[in-house]
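A quick write-up on the structure given underneath.
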Amino acid sequence: MPNEAVTRILLEIADLLDLEGVKFKPEAYRRAARALQQSPEETEELVRTGRIDQVPGVGEAISEKVREFVKTGEVHYLEKLRAQWPPGLLELMRLEGVGPKTTRRFYLEFQVKGPEDLERLIQEKKLEGVFGFGPRKIELLQKALSKGVSAAGASPESGRTPLPEAQQRMEELLESLRESRAPFEKLVFAGSLRRRRETVGDLDLLATSSRPREVMELFTHLPQVEEVRLSGDTKSTVVLTGGLQVDLRVVPSQAFGAALQYFTGSKDHNVHLRALANRKGLSINEYGLTRDEQLVPAPTEEEVYAAVGLSWIPPEMRENQGEIEAAQEEGLPAVVGDAELKGELHIHVPPSIEQEDLLPWVEELRAMHLTYGGFVVRASEVEREDRTLEQLRNALPREVEGVRVFLGLEVTLDAKTRPTTPAGADYLILRPPEKPLADPKESARAWTSSPTSVAAMLAHVDPGSLASAGLEWKDLLPEEGEENSLPLELAVRHDVVATETALVRGASRRSARFVLSGAPRSPEELPRLLLAAGIARRAWVPSHQVVNTSSEPMSALRNPANPPSASPKGPEPPKRSGSRKQDGPRT
DNA sequence: GCCGTTTTCGGCCCGACTGTTTTCAGTCG
Ligand SMILES: Nc1nc2c(ncn2[C@H]2C[C@H](O)[C@@H](COP(=O)(O)OP(=O)(O)OP(=O)(O)O)O2)c(=O)[nH]1
Ligand SMILES: [Mg+2]
Ligand SMILES: [Mg+2]
């Protein structure tokens with residue numbers, strides 16, 4: 001994460017201000033931290049160019065502290081707060097069910113400076129009979145202490161689950177709940193998973209039902225549920241075996257739209273939207289819209305947004321990063337919709353592949369309504385084969401059951417040149433070398449600015465691979481105004497989102513083009529392509545900058561972005577009725 | 001501390017669940 005250091009500073013200030021008991025300021029610091037975390041530009045760059053206070057939620061005071069941090073590596077204000085409150089208090093505050101108010105009391109009334117002190121206090125029965133601490137609360141404190149706390153200063157990303165794994169867990173959970181015969185009508189996922197964040201903190205589920213008690217009962221008794229944190233008529237929180245937390249909200253069906261809007265978030269998006277509604281004399285909650293004391297249910301998300309004069313906003317863009325202002329002016333970019341994707345271009349196969357091996361892939365491509373597959377062999381492996389690349393190409397059909405078959409060759413780049421396409425290959429997958437380059441910037445320029453007479457894309461541009469070559473993401477981007485750039489791969493692998501949204505968003509603004517890929521290892525993993533589409537939407541990438549929305553991908557890989565052909569069909573809001581399944585990959 | 005389509009000062013999103021406090025505070029989503 002690029003802005004991690006400054007984010008941690010601001011979050012620590014927020015926690016300490018919470019201990020002080022001040023209102024609004026802690027949230028202001030957290031809001032600013034969350035905004036910087038998502039910024040497509042690095043803090044240093046924003047400071048250097050004097051644009052730091054343009055970040056939403058960053059005003060004069062926070063700008064000044066960020067500038068100080070960039071300059072000196074310290075923030076005096078934070079040091080002052082640290083001197084007031086022992087560091088162990090921040091650990092205490094992270095205990096389950098323990099917040100700033102409780103922590104403050106422990107410190108001021110009992111001189112408790114950290115978890116060990118609290119443990120002793122409870123052992124010595126000093127909390128018994130104290131106002132506000134009944135037997136149940138003491139029991140819960142003990143339980144929380146025994147579970148331990150995450151160390152203070154841990155990365156904000158730690159303890160979160162990578163998107164592809166979270167999606168997998170969610171599919172399994174949905175399956176279990178359906179099998180449980182719980183009496184719900186709709187059941188969908190929400191939260192950061194629906195927003196396709198690179199990592200998710202927990203799984204958020206929304207159901208509609210007229211019998212919420214029974215739904216909750218079955219949910220909290222699923223076999224994979226290890227612990228029930230809390231459970232009421234409309235909301236339950238459980239922990240699955242393995243430690244993943246799941247929140248379930250159950251609402252009446254006429255509240256589905258409002259509830260889905262609420263539960264999809266993000267929090268900052270919700271707060272902004274609700275404040276906007278208030279200025280228009282409305283109030284929004286998870287059940288609907290209130291005007292003149294009258295609650296009007298909202299069956300669809302579109303109705304919620306329309307009530308405050310906005311068009312529907314794709315979930316992935318709901319991060320309070322300017323999308324609300326854009327939706328007010330009908331100015332949301334035409335981001336790529338799932339249905340616009342025409343193929344997958346990064347299907348790794350062994351060079352020994354034969355025609356019949358393509359069939360399971362083709363079957364799944366067809367099921368996803370895709371019209372081509374790009375099968376990729378490594379140059380190093382082809383060399384060891386008896387068969388030449390040309391013979392391989394000739395052994396494979398150009399089309400199977402209406403699905404076009406392309407052959408890609410994966411080539412590791414060397415310092416200077418961009419290779420031409422050898423006979424047999426339809427296109428090249430270029431990857432950075434694994435050893436550090438002598439002059440990375442010069443090499444990057446050579447690769448990305450060569451005339452694009454060959455169909456090629458630059459893959460394996462994850463932070464790790466770039467670092468081993470000594471490359472930086474920004475070296476790969478088109479020059480200002482350059483149209484003719486080498487497309488970059490945006491991949492969601494089985495284990496991780498390989499490219500960061502913030503970086504992609506920055507690149508997209510400079511007209512970089514992208515090839516979306518789910519890096520499938522087997523046909524069942526092809527639907528992961530849709531997660532890559534979600535990441536592209538998070539980064540506000542317009543469809544016309546996505547190579548695999550083109551029905552002629554080889555010319556798209558060669559040429560600058562073709563102007564969008566027909567009227568592009570972007571993402572669509574969920575339908576009001578019908579039993580259509582929620583969009584989403586199965587992997 | 002931030003911010004504005006009635007405001008540059010005065011508000012700041014809104015609700016569920018729990019334990020304990022007899023009427024609600026704290027924490028969390
Ligand atoms: N209006 C409002 N909605 C909230 C608030 N906190 C959370 N929500 C909504 C929006 C969130 O996306 C949704 C789920 O909450 P989570 O804590 O699970 O957050 P989210 O899934 O966005 O991120 P995560 O990856 O779980 O950390 O609930 C809040 O303070 N106010
Ligand atoms: Mg969540
Ligand atoms: Mg949650």
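Worth saying up front: this structure is predicted, and the values here are computed from it rather than measured. Just so we're on the same page: letters track the sequence lines, and every chain starts at 1.
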Query raised in the report: If you look at every strand shown and take non-hydrogen atoms under 4.0 Å, does V22(A) touch a base, only sugar-phosphate, or nothing?
Result: nothing

Report task. Using a heavy-atom cut-off of under 4.0 Å over every strand shown, decide if I284(A) touches base, sugar-phosphate, or nothing. Result -> sugar-phosphate

Query raised in the report: With sugar-phosphate meaning primed atoms plus P, OP1 and OP2, does K23(A) contact a base, only sugar-phosphate, or nothing at under 4.0 Å between heavy atoms?
Result: nothing

Requested in this report: Using the P atom on both, measure dT22(B) against dA16(B) and round to a whole Å.
Outcome: 23 Å

Report task. Kindly indicate whether a cation-pi arrangement holds for K113(A) with Y107(A), taking the cut-offs as under 6.0 Å to the six-membered ring centre and within 45° of the axis. Result -> no

**Report entry** Nearest to side-chain heavy atoms of E286(A), which nucleotide of dC13(B), dC2(B), dA16(B)
**Finding:** dA16(B)

Query raised in the report: Rounding to the closest angstrom, what is the interatomic distance between dG29(B) and dT23(B) at atom C1'?
Result: 24 Å

Query raised in the report: Quick one: is R31(A) getting a side-chain N or O under 4.0 Å of the dG1(B) phosphate, OP1 or OP2?
Result: no

Query raised in the report: Would you say K65(A) reaches dG1(B)'s phosphate, i.e. side-chain N/O to OP1/OP2 under 4.0 Å?
Result: yes

Query raised in the report: Looking only at N and O atoms, is any donor in the side chain of Y262(A) or the base of dG29(B) less than 3.5 Å from an acceptor on the other one?
Result: yes

Requested in this report: Pick the P atom in dC17(B) and in dC12(B), then give their distance to the nearest Å.
Outcome: 25 Å

Report task. For dG1(B) versus dT5(B), give the span between their P atoms, rounded off to a whole number of Å. Result -> 23 Å

Report task. Check whether any side-chain N or O of N270(A) sits under 4.0 Å from OP1 or OP2 of dC13(B), and answer yes or no. Result -> no

Report task. Between dT20(B) and dC13(B), how far apart are the C1' atoms? Round to whole Å, please. Result -> 27 Å

Query raised in the report: Looking at DNA chain B, which of residues 230-255 of chain A put a heavy atom within less than 4.0 Å of it?
Result: L230(A), S231(A), G232(A), D233(A), T234(A), K235(A), Q245(A), D247(A), R249(A)

Query raised in the report: Which whole-number value in Å describes the distance from L92(A) CG to dG26(B) P?
Result: 17 Å

Query raised in the report: Within less than 4.0 Å of OP1 or OP2 of dC14(B), is there a side-chain N or O belonging to N278(A)?
Result: yes

Requested in this report: Verify the ring-centre separation between F184(A) and F219(A): is it less than 6.0 angstrom?
Outcome: no

Query - Sugar-phosphate only, base, or nothing, as touched by P26(A) at under 4.0 Å among non-hydrogen atoms - result: nothing

Query raised in the report: Are F24(A) and the base of dC2(B) stacked, counting only ring centres nearer than 5.5 Å and planes tilted under 30°?
Result: no

Contacts table for residues 124-132 of chain A: side-chain donor-acceptor under 3.5 angstrom, sequence neighbours left out:
| unit_1 | atom_1 | unit_2 | atom_2 | d |
| --- | --- | --- | --- | --- |
| E124(A) | OE1 | K126(A) | NZ | 2.8 |

